[in-house]
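By convention in this document, chain letters (A, B, ...) are assigned in the order of the sequence lines, proteins followed by strands, and residues within each chain are numbered from 1.
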There are 2 protein chains.
Amino acid sequence: MDVARSEVLVIGTSVACRSCQARHGVVCGALSAGQLSELGRHSLRRKVDAGCEIIAQGSENSFYSNITRGVVKLCKVMSDGRQQIVGLQFAPDFVGRPFVRESTLSAEAATDAEICVFPRNLLERMILETRELQRSLHAQALNELDAAREWMLTLGRRTAEEKVASLLHLIAAHAETATSTAFDLPLSRAEIADFLGLTIETVSRQLTRLRKEGVIRIENIRHITVPDMDALAKKISG
Amino acid sequence: MDVARSEVLVIGTSVACRSCQARHGVVCGALSAGQLSELGRHSLRRKVDAGCEIIAQGSENSFYSNITRGVVKLCKVMSDGRQQIVGLQFAPDFVGRPFVRESTLSAEAATDAEICVFPRNLLERMILETRELQRSLHAQALNELDAAREWMLTLGRRTAEEKVASLLHLIAAHAETATSTAFDLPLSRAEIADFLGLTIETVSRQLTRLRKEGVIRIENIRHITVPDMDALAKKISG
DNA sequence: ATTGCGATTTGATCCAGATCAAATCTCCGT
DNA sequence: ACGGAGATTTGATCTGGATCAAATCGCAAT
């Protein structure tokens, strides 16, 4: 854990998990008041800056988290440096791979974020004890699997323009604004490229192409508006 | 269900699921004797030919299965015909997407196969009733998620030669022979292309390239031997 | 305001893999 | 054995996206 780039807000009190529960964190939302209090005593709330590595690829899975604010990217890197983002997670998702010792991917805050961290052993014990927690984590795993497979279609069979449009559509769907026609990109151009299996140059060219076609407006480098969401959707062949 | 291309072996007796249990089917392996008997009374064993569609994309999820023999491919197709295989499943995997009404992908037998089919409602009730079944399906979902993410790296960032080598490596790992240095391809060239996000021509060229390099021998169109598994692994940049 | 540096865009060229086209190979039915 | 049709391989060419190169932008530190 990169302590230098994170700030621990609360340690070792049952207060720690109130925030998760209030936000229906996948873990905390499934626990009884008593369990929540026990979890709270052993958990901590962390504020992490964009870019902070929460889990390192190849490291031991010694803790898990709930995301309470912000966006987390899941990334796999090859020994020669090529890398691929294999998932984006948003509040109130659970982050971690239960029941496996070593992580096969890294998890990194894509934006400034807040997470609620619990020790591995305690969480795994609670999963075994608590039907509702297992059910809730099972449901998240199935949703992530659906998302991963949808993304496999994008990676394998869509063109660069369709890929970029798919990403914008995905981000818009998770944007917190009611209109969701204007949103901040949680990813840099390089991260977008790593998500789409493209280069930054191609991402940039496709964004300017969508802009010239009038499908999006690039208010500034991190902020996009979509005048007509259907026009964007039409760019993604179903 | 494409009944024309399948053969129902046993219907409506508690015998039906013995085969799943003996093979440690993900579902049947998690049930008590009493539950197994109830499941057996409502399940049926089917023999399906290669190419038989088990679940159609967009259809209602009205039943689930255990694979007891053979290989099943999970496939997504776009309206313009482009398609992507998003998963391969082997015995004793469970096939289906619990808790979702409509299937977002199709499942098709890649080889001749046998599956044990249960009705949706019964299985979902048993999941809610039975810790061990939920645990077991949760574990499979997590494993499929790991596999899907590994494959996203392959789709997004590996070259055609690395992709083909990755596929051969994957198949070899699931081959049932003890040596696993010689195996049958469960997929045609077209299916391999759809799994790797390539065209059949590129798949064919990469296979002959690997053959000319001495990494594989193509005994016949569906049968490969790998003289030195490490040489194959070296073709896949980690 | 000015400098400096990383992020982004834009331009020029290249190339891995797609596309188009044609042989071969397999295997099934007669 | 003989057709014949689909599957596979091989060849020729094209092209979308990569790579190499150079502005330009954004913004934090001075």
### Query
Listed in order of residue number, which residues of residues 150-164 of chain B have a non-hydrogen atom at under 4.0 Å from DNA chain D?
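Heavy-atom cutoff 4.0 Å gives no residues at all.
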
### Residues within residues 198-214 of chain A bordering DNA chain D, heavy-atom distance below 4.0 Å
A:Leu198, A:Thr199, A:Glu201, A:Thr202, A:Arg205

Do the side chains of [Y] and [X] get nearer than 4.5 Å, heavy atoms only?
X        : Y        : answer
B:Asn66  : B:Phe118 : yes
A:Leu170 : A:Phe195 : yes
A:Thr104 : A:Arg97  : no
A:Ile221 : A:Arg189 : yes

I need the [X] [atom1] to [Y] [atom2] distance, nearest 0.5 Å.
X        : Y        : atom1 : atom2 : value
B:Arg211 : B:Ile218 : CZ    : CD1   : 5.5 Å
A:Phe94  : A:Gln89  : CZ    : CD    : 9.0 Å
A:Ile67  : A:Arg69  : CD1   : CZ    : 11.5 Å

### Query
According to the salt bridge (charged side-chain N to carboxylate O under 4.0 Å, His left out) rule, which pairs have a member within residues 82-93 of chain A, sequence neighbours left out?
A:Asp80-A:Arg82, A:Arg82-B:Glu162

### Task
Can you run down the salt bridge (charged side-chain N to carboxylate O under 4.0 Å, His left out) pairs that involve residues 192-208 of chain B, sequence neighbours left out, and say none if there aren't any?
A:Arg157-B:Asp194

### Query
Excluding sequence neighbours, so at least two apart, what forms side-chain hydrogen bond (donor to acceptor under 3.5 Å, both in side chains) with B:Thr225?
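So B:Thr225 forms a side-chain hydrogen bond (donor to acceptor under 3.5 Å, both in side chains) with B:Glu219.
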
### Residues in side-chain hydrogen bond (donor to acceptor under 3.5 Å, both in side chains) contact with A:Ser103, at least two apart in sequence or another chain
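Residues passing side-chain hydrogen bond (donor to acceptor under 3.5 Å, both in side chains) with A:Ser103: none at all.
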
Starting at [atom1] of [X] and ending at [atom2] of [N], how long is that distance when rounded to a whole Å?
X        : N      : atom1 : atom2 : value
B:Leu196 : C:dA18 : CG    : P     : 10 Å
A:Ile192 : C:dT8  : CD1   : C1'   : 11 Å
B:Asp194 : D:dA7  : CG    : P     : 13 Å

Donor-acceptor pairs under 3.5 angstrom involving side-chain atoms of residues 227-234 of chain B: please list them, not counting sequence neighbours.
{"residue": "B:Asp228", "atom": "OD1", "partner": "B:Asp230", "partner atom": "N", "Å": "3.0"}

### Task
Specify the residues of residues 182-189 of chain A, ordered by number, for which at least one heavy atom lies under 4.0 angstrom from an atom of DNA chain C.
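Close to the strand are A:Ser188, A:Arg189.
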
### Set of side chain to side chain contact (heavy atoms under 4.5 Å, CB included) partners for A:Ala190, sequence neighbours left out
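Partners of A:Ala190 by the side chain to side chain contact (heavy atoms under 4.5 Å, CB included) criterion, ordered by chain and then number, come out as A:Ser188, A:Ile200.
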
#### Entry: Residues in side chain to side chain contact (heavy atoms under 4.5 Å, CB included) contact with B:Glu150, at least two apart in sequence or another chain
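Result, side chain to side chain contact (heavy atoms under 4.5 Å, CB included) vs B:Glu150: A:Lys76, B:Leu153, B:Arg158.
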
### Base versus backbone protein contacts along nucleotides 22-27 of chain C [heavy-atom cut-off under 4.0 Å; B, S, -]
------

### Message
Apply salt bridge (charged side-chain N to carboxylate O under 4.0 Å, His left out) to residues B:Glu60 and B:Arg120 and explain how you reach the verdict.
### Response
CA-CA 10 Å; B:Glu60 192 180 344; B:Arg120 168 196 167 99; 5.7 Å; no

### Axis bend over the full length of the helix from C:dA1-D:dT30 to C:dT30-D:dA1, computed from five pairs that close each end, to 10 degrees
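Comparing the axis at each end, I get an angle of 40°.
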
